[in-house]
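What follows is a single structure, written as structure tokens, with notes after it.
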Amino acid sequence: GIRDVAVTGIQTCALPISSGNDNTNTKNNPADNQWGLVQGLTSTTALIVWRRGSNIYGVVATNSSGTLSYGTVTLIYNGATTASTMFSGRVLTSTTALINITRATNNLSVGLTISGTTISVSAQSSTYGNGSANYNGVLAISTDTSDTTSIRVLYATSSTAGVVNTITHQGASAPTLGTASSSITIDTSCGTMVQLTSTTFQLWYSASSSINTRVFTTSGTSAPTLGTATVNSGIAGQVGGKSIAYSSTETAFWGNGNSGTGVGISYTISGTTVTTQNTSGYSQWTGNTGNLTSQVIKVDSTTYYVSGA
């Protein structure tokens, strides 16, 4: 199967496949039209979304005793007028999903409704985000499985700033955006996010060439409240990696370190305060020239396998 329910957060930079009911996401690499998103709908079906040229497509795959079949390919976004540059998304329920589409200067979202192997695409949301094509886009998506209608997202508003907001599926109507949080300083186009409780989340992003993390709280579609940032200084580069919530008070992040090495950091959470645990130094591995953590697999309650590219 394609599922790994133990991994609760994932990078939004280029990644070939996103796993199933962990409700994670992946962002298509503008330079590679073959990569996309795969997420489980039921025990035998999965939603597959990919970018080809300027368009975004989707299809439902069905596994019947090891034999795969596919429904009709659906055009999710037509890039003939305004080309897509990348996308991200998340399955909400066995019949709904949200897809976020980045263009040269902004983003928009569409809702998907799935009936059997048929995908229906909603009207397009209003546009949001700003900045150069390298920095705008949805940088991170929530993993709040308790909310079956909305996702929380971090998106860039310029090349140096971003906000957290809520996007809500509205059936055949256009998805709606809530009220955005106060601004966050960012300096790359990657991030990751995990859910801690029904209303709290932990967010990772890059700022001032350091890995930054903070807790934020939500209340419906009102503006999320940001906690104070914890800065893991001395780690340059993008937050291209994955995160895990072991519990509501213990989390970990794997991603980029200095000079092409990987890094793993563990944290404890108390309210909205994030404390870095491995203060004696960061666990690093060499040879990670691609600067991406591509997979995290749970072995047992305390052991995970991490691979990079």
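Please read these numbers as outputs of a predicted model, since none were measured by experiment. Only this structure's heavy atoms are used, side chains among them; waters, hydrogens and symmetry mates stay out.
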For the student: nearest non-hydrogen atoms of [X] and [Y], plus distance:
X      : Y      : value
Ala245 : Thr251 : CA-CG2, 3.9 Å
Leu92  : Asp147 : CD2-O, 4.5 Å
Thr276 : Asn232 : OG1-ND2, 2.8 Å
Thr113 : His169 : OG1-CE1, 3.8 Å
Val194 : Ser243 : CG1-OG, 3.1 Å
Val60  : Gly116 : CG1-O, 3.9 Å

Look only at the side chain of [X] and the backbone of [Y], and say whether a donor-acceptor pair between them is shorter than 3.5 Å.
X      : Y      : answer
Asn165 : Gly178 : yes
Arg51  : Phe87  : no
Thr42  : Thr45  : yes
Ser158 : Ala161 : yes
Ser122 : Gly111 : yes
Asn106 : Ala104 : no
Thr218 : Gly220 : no
Ser125 : Ser109 : yes
Ser54  : Ala83  : no
Asn107 : Tyr128 : yes

Are Val274 and Gln202 side-chain neighbours, meaning at least one heavy-atom pair lies under 4.5 Å?
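Result yes, sub-4.5 Å side-chain heavy-atom pair found.
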Output the distance between atom [atom1] ([X]) and atom [atom2] ([Y]), rounded to the nearest 0.5 Å.
X      : Y      : atom1 : atom2 : value
Ser69  : Asn63  : OG    : CG    : 8.5 Å
Leu177 : Thr221 : CG    : OG1   : 10.0 Å
Thr157 : Ile184 : OG1   : CD1   : 9.5 Å
Thr273 : Arg214 : OG1   : CZ    : 12.0 Å
Met193 : Leu203 : CE    : CG    : 5.0 Å

Does the ring center of Tyr267 lie less than 6.0 Å from the ring center of Phe253?
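Not under 6.0 Å, so no.
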Tell me yes or no: between the side chains of [X] and [Y], is some donor less than 3.5 Å from an acceptor?
X      : Y      : answer
Arg103 : Thr85  : no
Glu250 : Thr268 : no
Thr197 : Thr200 : yes

Option passing side-chain contact (heavy atoms from CB on, under 4.5 Å) with Trp204 (candidates Leu139, Leu154, Thr213)
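Filter result, single survivor: Thr213.
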Ile48 and its side-chain contact (heavy atoms from CB on, under 4.5 Å) partner, picked from Val73, Val59, Leu37
Val59
